[in-house]
Amino acid sequence: MSPTALHDWNLDPGEAIALQKQLAARVERQDRLAEVTRIAGVDIGFEQGGEVTRAAVVVLAWPPGTDGAFERVEQVVHREPTRLPYIPGLLSFRELPAALAAFDRLTSSPELIMVDGQGLAHPRRLGVASHLGLWLDRPTIGIAKSRLCGHHVEPGNERGDRVPLVHKEETIGTVLRSRSGVKPVFVSSGHRVSLPTALDWVVACLGRTKLPEPTRMADRLASRRTAM
DNA sequence: GCGACAG
DNA sequence: ATCTTGTCGC
């Protein structure tokens with residue numbers, strides 16, 4: 001475990017859940033981000049039938065060019081043996097070790113990080129985006145392609161339409177129709193970014209695609225076999 | 001006890 | 001997440 005590490009990663013489910021409850025109290029839900037000039041996108045993919053975990057981090061320059069295109073400043077792909085199976089609610093324990101190794105190899109310092117997965121929209125308010133933000137002590141936003149917990153009505157069918165995601169009397173995120181006619185995405189605060197601000201950034205990074213550019217590019221790097 | 005369940 | 005071709009629609 002590194003000097004700045006919050007905890008060890010070799011925990012059984014019971015210990016992991018207890019740890020999440022402790023860490024959740026340390027997640028900052030208010031805005032506390034520096035001026036943004038670099039935005040990172042993170043995603044994890046698997047190879048060899050799941051035996052190998054592949055973490056991808058892409059850093060884009062902000063703002064995009066006049067043509068709307070984002071300049072790719074840096075990218076890192078890290079592979080390592082998969083350590084745990086997927087357990088709903090404990091995703092970060094399976095994916096973060098590889099993601100952190102990828103960040104260790106990153107030379108640039110993005111002021112904002114967008115993660116493929118939930119942030120506060122988690123049963124114990126510690127989705128992978130929040131967990132990563134806490135560990136790196138950096139602002140993060142969670143963008144998931146499906147729901148983990150909470151309830152919501154169906155958002156309008158036009159790009160930009162949104163409805164709140166509520167869990168136990170609390171608004172934990174926003175269900176956003178990022179592209180008309182396509183399944184909505186679930187946006188939530190990760191760490192040091194409020195929900196309104198998180199939504200602003202996601203919308204600002206949206207092309208004509210469903211996913212914002214940072215995670216969309218990380219997605220391709222993590223899932224495709226071809227070098228990009 | 002019976003469902004639900006990020007990636 | 002991943003296994004996988006063609007096909008429907010803007």
Side-chain angles (χ1 to χ4, degrees), chain A residues 9 13 16-17 19-20 23-24 27 41-58 77-102 113-135 140-152 157-159 165-168 170 172-191 195 198 202 206-212 214-226:
Chain A
W9 293 98
I17 289 175
L19 178 57
Q20 290 184 319
L23 296 178
V27 173
V42 191
D43 190 29
I44 276 65
F46 298 88
E47 306 174 343
Q48 312 301 313
E51 299 299 307
V52 175
T53 297
R54 174 172 49 196
V57 177
V58 177
V77 174
H78 169 81
R79 290 179 173 75
E80 65 175 48
T82 297
R83 53 177 65 202
L84 302 171
Y86 166 66
I87 299 175
L90 299 181
L91 180 69
S92 62
F93 293 89
R94 167 175 163 85
E95 303 191 339
L96 283 192
L100 293 172
I113 302 170
M114 299 191 16
V115 185
D116 186 288
Q118 314 290 354
L120 290 180
H122 175 282
R124 292 171 290 284
R125 307 294 183 265
L126 194 81
V128 61
S130 299
H131 201 161
L132 178 66
L134 212 49
W135 189 284
T140 59
I141 295 173
I143 301 149
K145 297 182 290 299
S146 63
R147 180 192 70 88
L148 172 59
C149 70
H151 298 287
H152 67 88
N157 211 52
E158 293 309 304
R159 172 199 172 92
L165 176 61
V166 180
H167 180 54
K168 293 184 174 179
E170 176 185 15
I172 58 176
T174 298
V175 184
L176 172 73
R177 188 78 68 184
S178 53
R179 178 179 179 177
S180 61
V182 175
K183 291 210 316 178
V185 294
F186 296 71
V187 180
S188 60
S189 300
H191 182 49
L195 182 54
V202 170
L206 233 36
R208 56 191 178 191
T209 54
K210 168 180 177 173
L211 295 176
T215 51
R216 191 181 74 81
M217 297 186 89
D219 240 78
R220 302 170 39 181
L221 261 188
S223 305
R224 297 212 155 189
R225 304 184 64 274
T226 57

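Computed from heavy atoms alone, side chains included, the values below leave out hydrogens, waters and symmetry copies.
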Take atom CD of A/E47 and atom C1' of C/dA1, then tell me their distance rounded to the nearest Å.
12 Å
Strand DNA chain C as a dot-bracket string - pairs counted if Watson-Crick or G-U with both distances under 3.5 Å, | where the partner lies in another strand:
..........
Kindly state which residues belonging to residues 144-151 of chain A come within less than 4.0 angstrom of DNA chain B, counting heavy atoms of the residue only, listed by number.
A/A144, A/K145, A/S146, A/R147, A/L148
For DNA chain B, what residues of residues 84-91 of chain A have any heavy atom nearer than 4.0 Å?
A/Y86, A/P88, A/G89, A/L90, A/L91
Go through it in stages, so that I can follow the logic: the residues are A/M114 and A/T140, the test is side-chain contact (heavy atoms from CB on, under 4.5 Å), and I'd like the CA-CA distance, side-chain angles, deciding distance and then a yes or no.
CA-CA 6 Å; A/M114 299 191 16; A/T140 59; over 6 Å; no
Does C/dT2 have its OP1 or OP2 closer than 4.0 Å to a side-chain nitrogen or oxygen of A/S223?
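It does, given that an N or O in the side chain of A/S223 lies less than 4.0 Å from OP1 or OP2 of C/dT2.
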Salt bridge or not between A/D116 and A/K145? Use side-chain N to carboxylate O under 4.0 Å.
yes
Taking heavy atoms of chain A and a 4.0 Å limit, find me the 5'-most and 3'-most nucleotide of DNA chain B within that range.
B/dA4 to B/dG7
Determine which bases of DNA chain B form Watson-Crick or G-U wobble pairs with both distances under 3.5 Å, and write the result as a 5' to 3' dot-bracket string with | for other-strand partners.
.......
Applying a 4.0 Å non-hydrogen cut-off, can you work out what A/Q118 is touching in the nucleic acid: base, sugar-phosphate, or nothing?
base
Which part of the nucleic acid does A/G127 contact within heavy-atom distance under 4.0 Å: base, sugar-phosphate only, or nothing?
base
Below 3.5 Å between N/O atoms, which protein atoms pair up with nucleotides 5-10 of chain C? Just atom names and distances, please.
none

With side-chain contact (heavy atoms from CB on, under 4.5 Å) as the criterion, how do A/H152 and A/F186 come out once you've worked through the C-alpha distance, each side chain's angles and the decisive distance to 0.1 Å?
CA-CA 11 Å; A/H152 67 88; A/F186 296 71; 3.7 Å; yes
